[in-house]
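Computed from a prediction, not measured in an experiment: that's the story for all the values here.
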Amino acid sequence: MLAAVLAFFMDVSELSGMVSVGTLLAFTVVAISILILRYAPPEEVPLPSSLQQFIDSVRKQLDDDSQSMERKEFNDADIVEQSPSQSEYGEASIQYPLIEKQFCEGNQDKQNPRRRRNIAIWNIALFCIGVLVLTSAASAEYLPSLVRFSLGAVGAAILLCSLVVLACLNQDEARHSFGHTGGFLCPFVPFLPAACILINSYLLMSLGVGTWIRVSIWLIMGALVYISYGWRHSSLTNAVYVPMAYLDHIYRASSSHQV
């Protein structure tokens, strides 16, 4: 009823601008989310509290397995320390090359994903900043041509550099298990989401000031509704956050229990 009243009293061009800005904002957020989920997916995901018993059992099982692996690695380290050639690090590595190689690879595996994740997060942020600067300069017709060209060149440089870095980075392995069901797979990442963000941002910047004022009022009203009602009644209120590594085991345990 409220939408019908607004459509009756508002000008068609104003109403179409509000509809366009809502759709473009949604598509832009989805494209940015694709980059985040591919390169830096969340380390923990929420699950309903009804799966608490499966979460506890899987967590206990995996913790026991990890503790047994740590004890095994600790015993292997004792072997290296108790060797006759422990006085020199090089001789210990020669005497136990497989153990030394395993320790080195384990440390690299822990450090490289964290470093790659930080690089990806910073480059996604820089890409969004470059898109914002470039589209703002392209849409700001009231600015002098030299200023617009300079801002556009800076934004394009930031955009291209961050996009090249994202294209060279390996995507996170956890993306395969996010959502558990697989969902839709976006091709040509990061180029297709980047093109979507760039085009949508330019269209958003091209909308009039009046449209942004009206949309901002609606966003404030929506935020107030969410804070006053949605926050307290959200399905995430009683959710249990578990690491991504536990997700497949929990779903497998719950499905086998249902069968």
- Task: Over all heavy atoms of both residues, which pair between G17 and L207 is shortest? Give the atoms and the distance, please.
- Result: O-CD1, 4.2 Å
- Note on the structure: The residue among I199, L198, I32 that forms side-chain contact (heavy atoms from CB on, under 4.5 Å) with V131 is L198
- Query: Are I213 and V215 joined in one hydrophobic group, where the rule is that I, L, V, M, F, W and Y side chains link up if heavy atoms are under 4.5 Å apart?
  - Reply: yes
- Query: For the side chain of Y39 and the backbone of L166, is there at least one donor-acceptor N/O pair under 3.5 Å apart?
  - Reply: yes
- Query: Should F127 and L24 be regarded as members of a common hydrophobic cluster, given that ILVMFWY residues are connected when their side-chain heavy atoms come within less than 4.5 Å of each other, either directly or indirectly?
  - Reply: no
- How about V189 and Q171: do any of their side-chain heavy atoms sit closer than 4.5 Å? yes
- Note on the structure: The reported gap from CD1 in I158 to SG in C128 (rounded to nearest 0.5 angstrom) is 12.0 Å
- Are F8 and V19 in one and the same hydrophobic cluster, where Ile, Leu, Val, Met, Phe, Trp and Tyr link if side-chain heavy atoms are under 4.5 Å apart? no
- Are the side chain of R38 and the backbone N or O of C186 linked by a donor-acceptor pair below 3.5 Å? yes
- Query: Do I197 and L35 pass the side chain to side chain contact (heavy atoms under 4.5 Å, CB included) test, and can you show the C-alpha distance, the side-chain angles, and the key distance before you say yes or no?
  - Reply: CA-CA 11 Å; I197 295 170; L35 293 178; 4.0 Å; yes
- Item | Polar side-chain atom of R148 near backbone of L143 as donor-acceptor pair, under 3.5 Å | no
- Task: Check whether any side-chain heavy atom of P41 lies under 4.5 Å from a side-chain heavy atom of I36, and answer yes or no.
- Result: no
- Message: Let me confirm one number: the OG-OH distance from S234 to Y226, rounded to the nearest 0.5 Å.
- Response: 5.0 Å
- Nearest non-hydrogen partners of R116 and L169, listed with the distance: CG-CD2, 3.9 Å
- Message: Using the rule that Ile, Leu, Val, Met, Phe, Trp and Tyr join whenever any side-chain heavy atoms are under 4.5 Å apart, tell me whether M221 and L25 fall into a single cluster.
- Response: yes
- Item | Heavy-atom pair with the smallest gap, counting every atom of Y202 and A138 | CE1-CB, 3.9 Å
- Nearest heavy-atom pair of V21 and L204: which atoms, and what distance? CG2-CD2, 3.5 Å
- Query: Is any side-chain heavy atom of S162 closer than 4.5 Å to a side-chain heavy atom of I124?
  - Reply: no
- Measure the spacing between OG1 of T28 and CG of L203 and express it to the nearest 0.5 Å. 8.5 Å
- At what distance, to the nearest 0.5 angstrom, does CH2 of W122 lie from CG of N118? 9.5 Å
- Message: Can you give me the closest heavy-atom contact between C161 and N123, atom names plus distance?
- Response: O-OD1, 4.5 Å
- Message: Please check this pair: side chain of S139 against backbone of T135, looking for a donor-acceptor N/O pair closer than 3.5 Å.
- Response: yes
- Task: Using modelled atom types only, decide if a donor and an acceptor are shared between the side chain of R214 and the backbone of V209 within a distance under 3.5 Å.
- Result: no
- Shortest non-hydrogen contact from G152 toward L134: O-CD1, 3.4 Å
- Single-linkage hydrophobic cluster I217~M18, side-chain heavy atoms < 4.5 angstrom: yes
- Answer yes or no: is there a side-chain heavy-atom contact under 4.5 Å between L146 and S150? yes
- Going by heavy atoms in the side chains, are L37 and P42 under 4.5 Å from each other? yes
- Between atom CG of L151 and atom OG of S136, what is the distance when rounded to the nearest 0.5 Å? 8.5 Å
- Message: What's the separation between atom CH2 in W212 and atom CG in L219, rounded to the nearest 0.5 Å?
- Response: 8.5 Å
- More than 12 heavy atoms of other groups within 6.0 Å of E43 CD: no
